[in-house]
> 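Here you go, one structure.
In the text below, chain A, chain B and the rest are named by the order of the sequence lines, each starting its count at 1.
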2 protein chains.
Amino acid sequence: MEWSDLRVFLAIAREGTLGAAARKLGQTQPTMGRRLQALENAVGHKLFQRTSEGFVLTDEGAAVLNHAERIEDEALAFQRQLAGQERQLDGLLRITASDWFAEHLLTPVIAEFARAYPRVTVELLTDTRFLSLSRREADLAFRIRPFDEPDIVSRKLLHMPYGAYTAADYPPPRAGDGEGALLITMDSAFGNMPDVAWLQRVLPNARVAFRSNARAVQARMCMQGAGVAVLPLPLGDALAGLRRIDLGEDPPARETWIGYHRDMRRLARLRALLDLVVARLAD
Amino acid sequence: MEWSDLRVFLAIAREGTLGAAARKLGQTQPTMGRRLQALENAVGHKLFQRTSEGFVLTDEGAAVLNHAERIEDEALAFQRQLAGQERQLDGLLRITASDWFAEHLLTPVIAEFARAYPRVTVELLTDTRFLSLSRREADLAFRIRPFDEPDIVSRKLLHMPYGAYTAADYPPPRAGDGEGALLITMDSAFGNMPDVAWLQRVLPNARVAFRSNARAVQARMCMQGAGVAVLPLPLGDALAGLRRIDLGEDPPARETWIGYHRDMRRLARLRALLDLVVARLAD
DNA sequence: TGGGACTCATGCAATTATGCATGGAGGACG
DNA sequence: CGTCCTCCATGCATAATTGCATGAGTCCCA
């Protein structure tokens with residue numbers, strides 16, 4: 001049995017089709033089919049049932065899926081641990097943060113970092129889903145909640161105040177009412193975020209006109225006069241066409257947390273970036 | 001990183017040289033060198049130091065050895081679990097037992113089994129070291145001690161009486177003395193086995209003339225008139241040239257235990273053999 | 001009912017990895 | 001000090017694997 005074929009097995013189990021699994025592993029569909037066949041021959045069992053809905057695990061396949069997953073965990077840990085021992089200040093750093101945070105707060109810091117350490121390549125990903133630090137989809141993550149995953153080192157970076165904004169020429173809504181005003185909020189997929197609840201409380205009669213999962217997009221819509229948005233102050237104050245309005249009370253603030261995997265503690269380039277981020281952004 | 005290369009890494013770490021690792025994996029020395037190089041390139045670290053005494057792990061290599069070993073465990077469990085679900089009565093069964101036990105007690109039982117299940121290939125290994133059930137070096141093991149490994153199902157099979165033997169024309173030693181008599185005992189590597197201690201107690205003035213790790217060899221030497229040996233009764237009584245002698249008390253008897261891996265419980269061919277072994281040998 | 005977007009299987013060519021053979025380097029031993 | 005044995009590195013021919021291209025089947029939708 002080839003251990004590498006277990007990777008193919010996992011990919012097919014997760015993706016459901018040979019083609020998707022191939023894309024995930026950077027190989028081709030015929031190869032996936034043949035590697036799977038080789039694995040099944042080696043262990044003497046059909047691991048998948050070929051159905052019209054793709055490849056679904058047989059009982060035998062499902063029974064051994066856990067083993068394959070643990071193998072993957074160990075293989076990732078193997079690589080992570082070696083990566084964490086790198087001492088030289090070059091290589092790749094992957095960072096993930098929310099769109100506006102990356103755009104308005106991180107870019108200047110990272111630009112400074114890039115000047116200081118020109119041999120380090122920085123990848124800054126603004127993905128709405130949480131990238132996994134364990135799988136090394138990212139080396140460093142900024143989030144609005146503490147990290148509850150095991151083996152993740154996390155610390156509070158800063159306190160982020162929010163404010164309500166409109167376009168400069170937008171008629172200011174009346175606090176406690178908001179009749180006629182339009183609201184710009186987070187995507188409904190995010191559930192009820194505290195600032196959305198706050199907005200609907202202080203402007204109960206206003207109507208939600210636009211949603212987006214990106215604060216930066218909300219800010220731009222707000223500049224276009226589409227309504228009232230709750231934005232982090234660094235974002236709202238940075239855009240010239242926006243006016244901060246007073247609705248009697250401030251929207252709830254949020255904390256920003258920073259996290260990285262324990263195995264990466266001693267990664268020199270990560271520590272260098274971390275030091276700079278804390279020096280420039282921590283309050 | 002190729003997961004299969006981790007197997008190469010493990011083999012080199014254990015064997016110390018490329019050639020030995022290659023023999024273990026059934027490949028060739030150049031391949032091992034190249035696969036290791038590929039792995040080191042993939043993870044960006046030298047995992048071994050090339051010394052005059054062979055390949056020794058670097059700090060980085062030693063740090064990730066545990067991960068590779070856990071991967072191996074899971075890969076073995078993966079295969080074991082699938083093997084345990086086999087239903088048809090063919091395939092391979094590996095059995096390990098001591099030399100004389102295999103020769104005198106197991107061969108008739110296994111011959112009967114082979115007649116009943118002609119499509120099952122039986123491998124009977126008489127290795128003095130304990131083969132590992134977990135690594136599937138053997139599917140079924142007979143030992144003189146209970147099994148203390150985790151996940152091993154073990155049960156007592158039978159009570160094995162021992163007796164003292166000499167060649168038929170050998171002058172019978174006097175119990176409690178033994179002056180002039182020669183002793184045949186277990187290999188010194190086995191430490192003090194109870195029958196060796198017994199022999200030296202009832203014949204304190206006798207001298208150890210020959211040692212072997214194999215009871216069958218001891219028995220043959222005894223037949224040649226080389227001295228007094230303590231042998232299991234089924235072995236001693238089976239050899240025509242041997243005479244059982246009375247030294248006032250019987251040597252200590254031993255138990256025989258049988259063990260197999262929990263994952264193999266439902267392996268039909270193993271169960272079939274187990275049933276037959278118990279029916280023919282258990283007391 | 002036909003076209004498009006999927007799926008997987010298979011023949012074929014090019015790439016890649018493998019094993020064999022050889023050479024050089026380092027001990028062990030007479 | 002030569003001989004022998006073992007080790008690893010490397011060139012080269014062969015074998016194995018891969019990717020591409022294609023075909024057949026399925027599903028969905030106009």
Side-chain angles (χ1 to χ4, degrees), chain A residues 1-62 64-65 68 71-72 75 78-79, chain B residues 1-62 64-65 68 71-72 75 78-79:
Chain A
M1 185 184 74
E2 282 295 319
W3 290 5
S4 290
D5 291 345
L6 294 172
R7 198 131 149 252
V8 173
F9 167 75
L10 265 181
I12 299 176
R14 284 171 180 155
E15 301 296 324
T17 72
L18 297 185
R23 277 187 293 280
K24 194 152 200 175
L25 297 186
Q27 298 197 313
T28 60
Q29 166 261 318
T31 299
M32 303 304 280
R34 291 186 276 233
R35 298 288 286 268
L36 173 61
Q37 199 174 338
L39 179 65
E40 289 183 331
N41 288 341
V43 299
H45 284 269
K46 284 250 157 297
L47 298 172
F48 291 97
Q49 211 155 2
R50 279 73 170 166
T51 77
S52 55
E53 279 111 46
F55 283 62
V56 313
L57 286 165
T58 60
D59 292 346
E60 291 84 5
V64 293
L65 182 60
I71 288 176
E72 183 186 41
F78 185 99
Q79 293 181 283
Chain B
M1 185 184 75
E2 282 295 319
W3 290 5
S4 290
D5 290 346
L6 294 172
R7 196 130 148 254
V8 173
F9 168 75
L10 266 180
I12 299 175
R14 284 172 179 153
E15 301 297 324
T17 72
L18 296 186
R23 277 187 293 280
K24 191 151 201 176
L25 296 187
Q27 298 197 313
T28 59
Q29 166 262 319
T31 298
M32 302 304 280
R34 292 187 275 236
R35 299 286 288 268
L36 173 61
Q37 199 173 337
L39 179 65
E40 289 184 330
N41 287 341
V43 300
H45 284 268
K46 282 251 157 297
L47 298 172
F48 291 96
Q49 211 155 3
R50 279 73 171 165
T51 77
S52 55
E53 280 111 48
F55 283 62
V56 312
L57 286 164
T58 61
D59 292 346
E60 291 84 5
V64 293
L65 181 60
I71 288 176
E72 182 186 42
F78 185 99
Q79 293 180 283

> Using the test side-chain contact (heavy atoms from CB on, under 4.5 Å), find all partners of B/Q49 that sit at least two apart in sequence or belong to another chain.
B/T51, B/V56, B/T58
> Nearest-Å distance, CG (A/L18) to C1' (D/dG25)?
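After rounding, the gap between these two atoms is 15 Å.
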> Pairs in or reaching into residues 22-44 of chain A: which pass salt bridge (Lys or Arg N to Asp or Glu O under 4.0 Å), with residues at least two apart or in two chains?
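Residue pairs passing salt bridge (Lys or Arg N to Asp or Glu O under 4.0 Å), neighbours aside: A/D5-A/R35, A/E15-A/K24, A/E40-A/K46, A/E40-A/R50.
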> Going from CD on B/E60 to CG on B/L65, what distance comes out if it is rounded to the nearest 0.5 angstrom?
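Spacing of CD (B/E60) from CG (B/L65) equals 13.5 Å.
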> Expressed as a whole number of angstroms, how long is the span from B/F55:CZ to D/dC7:P?
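Taking atom P of D/dC7 as the reference, CZ of B/F55 is at 11 Å.
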> Taking 4.0 angstrom as the limit, do B/E2 and B/R7 come out as a salt bridge?
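No, no charged N to carboxylate O under 4.0 Å.
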> Determine whether B/M1 and B/L6 make a side-chain contact, defined as any pair of heavy atoms from C-beta on separated by less than 4.5 Å.
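B/M1 reaches B/L6 side chain to side chain.
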> To the nearest 0.5 Å, tell me how far A/L18 CG sits from A/T28 OG1.
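Separation between the atoms: 10.0 Å.
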> At a heavy-atom distance below 4.0 Å, which nucleotide of DNA chain C is the first touched by chain B, and which is the last?
C/dT18 to C/dG27
> Do A/M32 and A/L25 make a side-chain contact, defined as non-hydrogen atoms from C-beta onward lying under 4.5 Å apart?
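Yes, side chains in contact.
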> Rounded to whole angstroms, how far apart are CD on B/Q27 and C1' on D/dA16?
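From B/Q27 CD to D/dA16 C1': 12 Å.
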> Within residues 28-46 of chain B, find the residues that approach DNA chain C with a heavy atom at under 4.0 Å, and present them sorted by residue number.
B/T28, B/P30, B/T31, B/R34, B/R35
> With rounding to the nearest 0.5 Å, note down the distance linking CZ in A/F55 to CG in A/L47.
11.0 Å
> Checking all strands, does A/F48 fall into the base, sugar-phosphate, or nothing category for heavy-atom contacts under 4.0 angstrom?
nothing
> Kindly state each residue pair satisfying ring pair (Phe, Tyr, Trp, His ring centres under 6.0 Å) with at least one member in residues 1-21 of chain A, sequence neighbours excluded.
A/F9-A/F48, A/F9-B/F78
> Could you tell me if the side chain of B/I71 sits less than 4.5 Å from the side chain of B/L10, heavy atoms only?
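They are not in contact (no side-chain heavy atoms under 4.5 Å apart), so the answer is no.
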> Could you list by number each residue of residues 9-16 of chain A showing a heavy-atom separation from DNA chain D of less than 4.0 Å, or answer none if no residue does?
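Here the set is empty: none.
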